[in-house]
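One structure is given here, and the rest of the page talks about it.
Numbering of ligands and ligand atoms starts at 1, following listing order.
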Amino acid sequence: MASSEEDGTVEEKENNNKKRTKSALTTAWLTFYNIAMTAGWLVLAMAMMRFYIKKGTHKGLYRSIARTLKFFQTFALVEVGHCAIGIVRTSVIVTGVQVCSRIFMVWFVANSIRQIQNEESVILFLVVWTVTEITRYSYYTFKLLNHLPYFIKWARYNFFIVLYPLGVIGELLSIYAALPFVRRSGMFSMRLPNKYNVSFDYYYCLIIVMLSYIPLFPQLYFHMLRQRRRVLHGEVIVEKDD
Ligand SMILES: CCCCCCCCCCCCC[C@@H](O)CC(=O)SCCNC(=O)CCNC(=O)[C@H](O)C(C)(C)COP(=O)(O)OP(=O)(O)OC[C@H]1O[C@@H](n2cnc3c(N)ncnc32)[C@H](O)[C@@H]1OP(=O)(O)O
């Protein structure tokens, strides 16, 4: 009897040690990830400012930062993994929609349709994303280090009120500007007849993406408003499961 109790205690201790190691590893990884992402977006902000100060125009700005942007925005896919394995308390769906729509904008719109790279709308969403991500990743970093300045917390849960709609306007205007070029070039499209017997029109795909902002964006925005009430005003929010 005594020995089985002791066994139980040893097992419990082992489990606790495992949990502690796992949580220390998780914290170390998340801290590294958030510092790297804050640094990446800061580099982007500085590159954009340097370009504008030197050239006095936004023309050519996108091309000058394209590689860094593609790298850091694509790397954000890791965040969907964080939610999926449960190391951050966030919905996979909300994070997935946010990250995938950004990756789509970067690779399949801004990067693929060169004719729109100098549009003001592209610069608008770039600036908005940059401010958002510097604030967001530095919030997570300081929080993990238990030294969160109130200003960063306030900025994380207030800036989005204006920046989210501005980012959406920039993204939608950029897709809209791309439509004539996509229609003319027939890029990423497959017309019948072909050996696969499949037809796909990227022009209509872009229109569907634009329309999908109508049901999806409000959900992301209201999710952030709920997070804001929870973090800044201490409201208890019961979220529905994925
Ligand atoms: C393939 C075809 C695609 C078709 C696309 C269709 C279109 C769909 C429409 C989409 C519109 C998107 C437009 C958008 O791109 C425009 C912009 O972004 S404009 C710029 C303004 N944007 C924002 O402000 C973005 C706001 N959004 C976000 O912050 C996130 O993306 C979101 C997933 C929405 C955040 O939600 P989350 O629930 O994560 O909020 P919290 O930050 O409060 O985090 C909750 C808790 O999790 C902890 N956490 C999360 N991540 C981390 C991390 N990396 N490290 C450590 N901890 C983390 C966080 O601390 C919270 O913990 P606690 O609960 O303890 O407070």
At under 4.0 Å between heavy atoms, is it the side chain or the backbone of I103 that contacts ligand 1, or both, or neither? neither
Show me which atoms of ligand 1 lie under 4.0 Å from any heavy atom of T95. 33 (C)
Option of least heavy-atom distance to atom 9 (C) of ligand 1 (set: Y137, Y213, F160, Y221): Y213
Are the charged groups of R102 and E133 less than 4.0 angstrom apart, N to O? yes
What residue and atom, counting heavy atoms only, is the protein's closest point to atom 15 (O) of ligand 1, and at what distance? E171 OE2, 2.7 Å
Specify the closest pair of heavy atoms between K153 and Y139, including all atoms of both residues, with the distance to one decimal. CA-CD1, 3.9 Å
Heavy atoms only, cut-off 4.0 Å: how does L166 contact ligand 1, side chain, backbone, both, or neither? neither
In terms of atom number and element, which parts of ligand 1 are under 4.0 angstrom from non-hydrogen atoms of G167? 19 (S)
Parallel, tilted or perpendicular: which describes the rings of F200 and Y202, with under 30° parallel and over 60° perpendicular? tilted
Which is closest to atom 55 (N) of ligand 1 by heavy-atom distance: V94, N34, T90, L220? N34
Give the atoms of ligand 1, by number and element, whose distance to some non-hydrogen atom of V128 is under 4.0 Å. 19 (S), 20 (C)
Have a look at T135, I214, T132, L144 and point out the one with the heavy atom closest to atom 20 (C) of ligand 1. T132
Non-hydrogen atom of R230 closer than 4.0 Å to ligand 1: yes
With a cutoff of 4.0 Å, is R156 in contact with ligand 1, counting heavy atoms of the residue only? yes
Identify, by atom number and element, the atoms of ligand 1 in contact range of R89, meaning under 4.0 Å from any of its heavy atoms. 45 (C), 46 (C), 47 (O), 63 (P), 64 (O), 65 (O)
Verify, without hydrogens or angle tests, whether T57 (side chain) and K55 (backbone) share a donor-acceptor contact under 3.5 angstrom. no
With side-chain hydrogen bond (donor to acceptor under 3.5 Å, both in side chains) as the test, pick out the partner of N111 among K70, R67, Q117. K70
Testing the 3.5 Å rule here: is there a donor-acceptor pair between the side chains of W107 and T74? yes
W129/F125 aromatic ring centres below 6.0 Å: yes
Report the member of M210, K143, Q219 with the shortest heavy-atom distance to atom 62 (O) of ligand 1. K143
Should you measure from each heavy atom of S212, which atoms of ligand 1 turn up under 4.0 Å away? 6 (C), 7 (C)
Looking only at atom types and distance, does a side-chain atom of S112 sit under 3.5 Å from a main-chain N or O of V109, one as donor and one as acceptor? no
Would you find a donor on one side and an acceptor on the other, under 3.5 Å apart, between the side chain of Y157 and the backbone of L225? no
Quick one: sort the Y33 and W29 rings into parallel, tilted or perpendicular, breaks at 30° and 60°. tilted
Heavy-atom contact under 4.0 Å between L163 and ligand 1? yes
What protein heavy atom is closest to atom 25 (C) of ligand 1, reported as residue, atom name and distance in Å? Y164 CZ, 3.6 Å
One residue to check: Q98. Relative to ligand 1, which of side chain, backbone, both or neither has a non-hydrogen atom less than 4.0 Å away? side chain
Residues H82, E79; criterion side-chain contact (heavy atoms from CB on, under 4.5 Å); working and verdict: CA-CA 5 Å; H82 289 164; E79 271 161 70; 4.1 Å; yes
Select one of side chain, backbone, both or neither to describe which atoms of Y157 lie under 4.0 Å from any atom of ligand 1, heavy atoms only. side chain
Quick look: H223 vs ligand 1, heavy-atom contacts under 4.0 Å, and the answer is side chain
